[in-house]
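Quick note: residue numbers are just sequence positions, from 1. The figures that follow rest on heavy atoms only: side chains count, while hydrogens, waters and symmetry mates do not.
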Amino acid sequence: MPRERALKIVLVLVGLLFTAAVYPLMMMVKQDPALAMMMSLYATLGVFLLLAARNPSEHRTLIAFTAWSSFAHASLMAVQAFLNLIPRRELVGVVVFILIGVALIALAPTKQATEPASAVSA
């Protein structure tokens, strides 16, 4: 149970962090449309992570998607920072996304063993 409670806490924290993307999204819609589109995806994902916190074992694929997409995002940001396409200070974001991915993978609920349908009906 402590692992599930820790996962729920992580889901709520990450969900709130991602949902908070709504605020900068509103500020940058006209200034940087591509970034605004990305922020809209994170804001939406944040809402679904908050919903998943109620029962994480029913949302294993959402949790896995969040973890692996965080790794993908961090990897791309790291490459961009090292190629000087984005400021080096953005490496802080790389660390944040890696921590999110690691926490979610480490705490992810295991697949539940299901009984065969014939055993349930007997």
Side-chain angles (χ1 to χ4, degrees):
M1 275 310 198
R3 181 177 171 174
E4 184 177 350
R5 183 161 172 77
L7 176 59
K8 287 180 178 185
I9 291 169
V10 170
L11 288 173
V12 168
L13 291 175
V14 174
L16 290 172
L17 175 70
F18 285 1
T19 304
V22 168
Y23 180 72
L25 169 66
M26 297 304 171
M27 300 300 157
M28 64 181 68
V29 169
K30 291 184 180 180
Q31 296 148 342
D32 193 348
L35 186 57
M37 284 189 292
M38 186 185 76
M39 297 294 273
S40 71
L41 293 174
Y42 276 104
T44 305
L45 181 56
V47 171
F48 280 93
L49 289 174
L50 291 172
L51 293 172
R54 291 183 191 169
N55 190 353
S57 61
E58 288 186 7
H59 302 281
R60 291 177 59 247
T61 55
L62 176 68
I63 294 166
F65 171 79
T66 304
W68 290 107
S69 65
S70 294
F71 289 139
H73 190 135
S75 300
L76 182 59
M77 283 179 68
V79 169
Q80 289 175 329
F82 286 117
L83 294 176
N84 292 318
L85 299 174
I86 61 174
R88 295 267 173 152
R89 69 178 179 271
E90 297 291 331
L91 288 173
V92 171
V94 170
V95 172
V96 170
F97 280 109
I98 289 173
L99 290 175
I100 288 169
V102 167
L104 291 175
I105 292 293
L107 297 170
T110 58
K111 189 172 186 177
Q112 299 294 327
T114 58
E115 290 185 40
S118 60
V120 174
S121 62

Residues H59, R54; criterion side-chain contact (heavy atoms from CB on, under 4.5 Å); working and verdict: CA-CA 10 Å; H59 302 281; R54 291 183 191 169; over 6 Å; no
Check the surroundings of atom CZ in R3: do more than 12 heavy atoms from other residues, nucleotides or ligands lie under 6.0 Å from it? yes
V95, W68: one ILVMFWY side-chain cluster at the under-4.5 Å cut-off? no
Apply the test side-chain contact (heavy atoms from CB on, under 4.5 Å) to residues F65 and L104: give CA-CA distance (whole Å), side-chain angles for both, the deciding distance (0.1 Å), then the verdict. CA-CA 10 Å; F65 171 79; L104 291 175; over 6 Å; no
Output the distance between atom CD1 (I9) and atom CD (E4), rounded to the nearest 0.5 Å. 11.0 Å
Would you call S70 and I98 a side-chain contact if the rule is heavy atoms closer than 4.5 Å? no
R5 atom CZ, over 12 foreign heavy atoms within 6.0 Å: no
Quick one: are V12 and L50 in side-chain contact, heavy atoms under 4.5 Å? yes
With I100 as partner, the option from V10, L13, L17 fulfilling side-chain contact (heavy atoms from CB on, under 4.5 Å) is L17
Atom CG in L45, atom CZ in F18: separation rounded to 0.5 Å? 6.0 Å
Do side-chain atoms of R60 reach the backbone of A108 as a donor and acceptor pair under 3.5 angstrom? no
Is the count of non-hydrogen atoms from other residues, nucleotides or ligands lying under 6.0 Å from F71 atom CZ greater than 12? yes
